[in-house]
Undergrad: 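Sharing a structure below in C-alpha cells format, with a few things to ask.
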Amino acid sequence: MSEQLAVGMPSPSMAAGVAITLGHVHSVSGSQATVGLLEAAMSGPSRADITVGRFLKIQTAKSQLVGVITEVSIQNSLAANYCAIARVDLMGEIVAAGGSSAFRRGVAAYPTIRDVALPLTNRELRIIFDEAGNNTISIGSLQQDTSVNARTNVDEMLNKHFAVLGSTGVGKSSGVAHILDQTMKIRPNLRIFLLDAHNEYHRSFGNKSDVMNPGNLRLPFWLFNFEEIVDVFFAGRPGLQEETDILAELIPVAKANYNQYRNVADRPGIKRAEAKNIGYTVDTPVPYRLADLLAIIDDRMGKLENRSSRMIYQRLITRIETVSNDPRYAFMFERANVGGDTMAESITQLFRLQPDGKTMTIMQLASFPSEVVEPVVSVLTRLAFDFGLWSDGAVPLLFVCEEAHKYASADRTAGFAPTRRALARIAKEGRKHGVYLGLVTQRPAELDPTIISQCGTLFAMRMSNDRDQALLRSAVADHGADLFDFVPSLGTREALAFGAGVPLPTRLTFPALPATAIPKSESFASNQGINAEAIEQDFISAVIDRWRRATMSQHSLQDEPVQANSATVTNVVDAPSLQPVATPIDATRLSLLKKPITAPAEDSAFLRR
C-alpha cells in the first residue's frame, strides 16, 4: 500500500545547514520508496548524485536507510518546489553500534512520508563498502566515488561460489586475475586450480603459480573413468555399443591382473578372472597396463570362430593403439605399459600440495588436442571434488573454469555430459568438502542454469545479449536487480557486483593491471605477427615439419632422417618442441587377424589356444 504526499515541506536539514537535501519521501510501497526531488537540489552541486545507479540515504527516526536510485522522471502533478521524482530500492541501513556506525543489510523500519532524502557522504560510503578486515579484499573502486574501495568478503564469495560474466574485450580476464591475486594474498593456504581456455594467464601471477600443459603434465590414462576413457578412444564420438561392452567387461580384469602381479618381476600369462571376484569396477582409480588390456582383448578374440565378431575386437584394438601411439596424447599414455601407481604424484602436482610456495595451477587447455579437451576437463574437475570429499576438506581448493559455457552447456544434447555433471557436483556439494567454484563465461545464457544459480556472488560486466541479461535477472535475488538495465552500457573493466560477497549491489571498476600482468596469449595470432618481408622459406619448412611431426607415430619419428637445414630453421623461429611421444604398442598383437580364415590344422589349434 502507498502513502501519497499532498503538499511539499521545507527542508529542515537545509535550513540547519547540515547537508543539501535532495528531496522527501512521497510514497512507500514494499521495498521501494518514491522521493520527490527538489528544484534546488537538481540545480545545485548534488545534481550529479541524482541519477540511476547512485546511492542515497533516507533519514528516519531510528536509522539512516540506504537505497539505490533505479529511475528518475518528471511528473507535472508535483507540488511546488519539486521538479522530478526518483524511485529508490531500499537495501539496508546504517545504525549506531557501540559508539560507532555500522551497515547491515535489510530494513528494520521503513521510512514515512516526508522523511528527508540526502546524498551519502564519503565517510558513509566507506562504512558500507570499504570496511577493511581479515576476510575482505579490495576488488576495485566505486563508480559513485572512486576514492572508496569496493571490497568483497572472501569467505562469503568462496563458500557460496562466484561467477564473472561479460563479453569479449570488456576486461573480464583482467578482473578475474585481480580477484584471484587478491584472494591468494589473504588466503595463503587456499589452492587455486584455473582452467585457462586460451593460454592467457601464464604471466599474471608470477612465481605464485605453476603453468601446466601437455608438455609437462602426466595424467595417466587409468585415472580416467569409463565414460572419459571411451570418449578419448572414440575421439569425442559416441562409442559403439559392442566395443564399449568389451571395455566395460575387460578393464576391471586388467586392473585385477596388474594389481595381483605388480610386485612380481616375471609376470605370468594372462589369468582369467571371474567378474564377481575381481573387486574392481570399471571406474576404480587403480593402475593397469594398456598392454595387459590389449592382451586380454586379443586373447578373447582368439577364442572366437565368427569372423564378424573377431572384427569387432580388431577394430577396438586398432582404435586403442592408434590413440595411444599418437604423440599428442603422450601426457596420458607415455608410461601406459610401464605401470606404477602414480596417483599420489599426479594429485600433488595438479593441486599444488608440495610446499614450494606455489599455490596455484594454471592448466593451459588450448595446448591439448581438441578431441580430448572435454574428457580432460571432466577428469580434472572430478579429481578436484573427489580429493576434497575423501580428504574431508583438509586442503581448501578453488576451482576456476574459464569459458564455462563450453563445458556445462544449457543444452543437454551438447557437450560432454560427464563434464557437466562434475561441475554441477562441485556447484551443489563442493562447499561441504572445501571445494569452491569460480565460473567465467561470456555467454551465461548458454550455461547450465542449475550451475550458475549456485553462484552466490556475481560480477556482471558489459553484455548486450538480451538472453544473457534475462538470465542474470532471474539468478539474482537482490532488489537491486534493476541495475542490470545498465549492463549494456558499462565501460571497460566496469562491473555490477551482486550477492553474498558484497555489502550491496553496486557498480565498480576493476583496477588496471601492470602491462606485464595483463592476461594475454603469446601466440602470433594475438599480435601483429611476423613481418611479411621477413618470412623465409626455412620458416615455412619449419612450420610444415612441426605440423607433420605432431601426428607422426614414434616409429616414423625414429626412422626419419634429420634434415640438413634443421639448424637454420631453429634460428628462424623458436618454436616449442614437440610433446613426448608415447611408447608404441607391439604390432604383433594383430598377427592372428592377418591369418586367413581357412587356416591349416596347426594354425586352427593355435587359434583355439
Side-chain angles (χ1 to χ4, degrees), residues 55 57 64 66 68 91-106 120-165 171-172 174-192 194 204-205 208 359-360 396-400 431 434 436-440 455-461 476-478 480 483 493-513 517:
F55 292 95
K57 64 181 178 183
Q64 295 173 327
V66 178
V68 63
M91 298 183 174
E93 54 189 1
I94 299 175
V95 296
S100 61
S101 298
F103 173 78
R104 68 185 183 192
R105 278 199 174 200
L120 283 170
T121 65
N122 179 274
R123 174 180 175 274
E124 290 163 342
L125 286 172
R126 291 182 184 278
I127 291 174
I128 300 171
F129 296 103
D130 197 9
E131 283 292 306
N134 295 332
N135 296 326
T136 64
I137 58 172
S138 174
I139 55 174
S141 58
L142 286 187
Q143 190 266 350
Q144 181 166 336
D145 186 343
T146 56
S147 68
V148 179
N149 290 326
R151 292 184 174 272
T152 184
N153 186 298
V154 172
D155 289 341
E156 291 291 334
M157 183 182 73
L158 294 179
N159 291 333
K160 298 179 181 178
H161 309 315
F162 71 93
V164 181
L165 319 169
K172 184 169 71 271
S174 294
V176 171
H178 178 68
I179 291 173
L180 298 182
D181 183 65
Q182 294 297 307
T183 301
M184 285 192 287
K185 291 179 180 178
I186 198 173
R187 290 288 180 270
N189 294 325
L190 175 72
R191 268 46 183 185
I192 299 178
L194 172 61
S204 298
F205 304 98
K208 293 181 289 187
T359 59
M360 182 179 195
L397 173 68
L398 170 60
F399 193 91
V400 183
R431 68 197 70 180
Y436 314 115
L437 184 64
L439 300 177
V440 186
C455 294
T457 304
L458 299 180
F459 300 95
M461 306 183 78
V476 172
D478 281 306
L483 293 175
R493 303 199 323 273
E494 283 193 342
L496 293 176
F498 290 80
V502 292
L504 287 179
T506 188
R507 184 173 176 177
L508 58 88
T509 303
F510 290 118
L513 299 180

Undergrad: Under the rule for side-chain contact (heavy atoms from CB on, under 4.5 Å), what residues qualify as partners of Thr152, not counting sequence neighbours?
TA: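 Counting only residues at least two positions away or on another chain, Thr152 forms a side-chain contact (heavy atoms from CB on, under 4.5 Å) with Ile137, Ile139, Met157, Val502.
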Undergrad: Return the CG to NZ distance between Leu125 and Lys57, rounded to the nearest 0.5 Å.
TA: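 The NZ atom of Lys57 is 10.0 Å from CG of Leu125, to the nearest 0.5 Å.
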Undergrad: List the atom of Val164, the atom of Lys172, and the distance in Å for their closest heavy-atom pair.
TA: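 Scanning both residues, the minimum pair turns out to be CG1-CG, 3.8 Å.
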Undergrad: Could you tell me whether the side chain of Ser204 and the main chain of Ala517 form a donor-acceptor pair under 3.5 Å?
TA: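 Side chain of Ser204 to backbone of Ala517, a donor-acceptor pair under 3.5 Å: yes, one is there.
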Undergrad: Can you check whether Phe129 reaches Arg151 side chain to side chain, under 4.5 Å on heavy atoms?
TA: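 Side chain of Phe129 against side chain of Arg151, heavy atoms only: no contact under 4.5 Å found.
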Undergrad: List the steps and the verdict of side-chain contact (heavy atoms from CB on, under 4.5 Å) for Thr359 and Leu190.
TA: CA-CA 7 Å; Thr359 59; Leu190 175 72; over 6 Å; no
Undergrad: Should Pro503 and Met91 count as side-chain neighbours, where that means a heavy-atom distance under 4.5 Å?
TA: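 Pro503 does not reach Met91 side chain to side chain.
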Undergrad: Kindly compute the distance separating CG (Asp145) from CG (Leu120), expressed to the nearest 0.5 Å.
TA: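 Here the interatomic distance stands at 10.5 Å.
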Undergrad: For a quick test of reading the model, state the closest non-hydrogen atom pair linking Leu158 to Tyr436 and the distance between them.
TA: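 Nearest heavy atoms, Leu158 then Tyr436: O-CD2, 3.2 Å.
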Undergrad: Any chance you could measure Ile192, atom CD1, to Phe399, atom CZ, to the nearest 0.5 Å?
TA: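 Reported value, rounded in 0.5 Å steps: 12.5 Å.
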Undergrad: Got Ile179 and Phe459 here, is their nearest side-chain heavy-atom distance under 4.5 Å?
TA: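 Contact flag for Ile179/Phe459 side chains = yes.
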Undergrad: Is the closest side-chain heavy-atom distance between Leu397 and Arg191 below 4.5 Å?
TA: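 Answer yes - side chains close enough.
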Undergrad: What heavy-atom pair brings His161 and Leu437 nearest, and what distance separates the two atoms?
TA: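 Reported closest heavy-atom pair: ND1-N, 3.0 Å.
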Undergrad: Walk me through it: do Leu142 and Asp130 pass the test side-chain contact (heavy atoms from CB on, under 4.5 Å)?
TA: CA-CA 10 Å; Leu142 286 187; Asp130 197 9; over 6 Å; no
Undergrad: Where do Lys160 and Arg431 come nearest, in terms of heavy atoms and distance?
TA: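 Closest approach of Lys160 to Arg431: CA-NH1, 4.0 Å.
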Undergrad: For the CG atom of Asn134 and the CG atom of Asn153, what is their distance to the nearest 0.5 Å?
TA: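 That separation rounds to 11.0 Å.
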Undergrad: Taking it one step at a time, do Phe55 and Ile128 satisfy side-chain contact (heavy atoms from CB on, under 4.5 Å)?
TA: CA-CA 11 Å; Phe55 292 95; Ile128 300 171; over 6 Å; no
Undergrad: Determine the minimum heavy-atom distance between Ala495 and Met461, stating which atoms define it.
TA: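 For Ala495 versus Met461, the nearest heavy atoms are CB-CG, 3.8 Å.
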Undergrad: Only pairs at least two apart or in different chains count here, so list each side chain to side chain donor-acceptor pair (under 3.5 Å) that has a residue in residues 502-511.
TA: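 Counting only pairs at least two positions apart or across chains, the side chain to side chain donor-acceptor pair (under 3.5 Å) contacts touching residues 502-511 are Glu494-Arg507.
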Undergrad: So do Arg187 and Asp155 actually touch side chain to side chain, heavy atoms under 4.5 Å?
TA: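 Sidechains of Arg187 and Asp155: in contact.
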Undergrad: Can you confirm whether Pro505 sits close enough to Val68 that some side-chain heavy atom of one is under 4.5 Å from a side-chain heavy atom of the other?
TA: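 Not in contact.
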Undergrad: Is Arg123 close to Ser101 at the side-chain level, that is, under 4.5 Å between some pair of heavy atoms?
TA: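 A side-chain contact under 4.5 Å exists here.
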Undergrad: Could you grab the distance from atom OG1 of Thr183 to atom NE2 of His178, nearest 0.5 Å is fine?
TA: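 Going from OG1 on Thr183 over to NE2 on His178, the span is 9.0 Å.
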Undergrad: Give me the atom names and distance for the closest heavy-atom approach of Ile186 to Thr136.
TA: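 Looking at all heavy atoms of both residues, the shortest contact is CD1-O, 3.3 Å.
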Undergrad: Just so I know, are the side chains of Phe205 and Met184 near enough to count as touching, which here means a heavy-atom distance under 4.5 Å?
TA: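 Yes - at least one pair of side-chain heavy atoms lies under 4.5 Å apart.
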Undergrad: Using a strict threshold of under 4.0 Å (side-chain N to carboxylate O), is an ion pair present between Lys208 and Asp181?
TA: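 Salt bridge present between Asp181 and Lys208.
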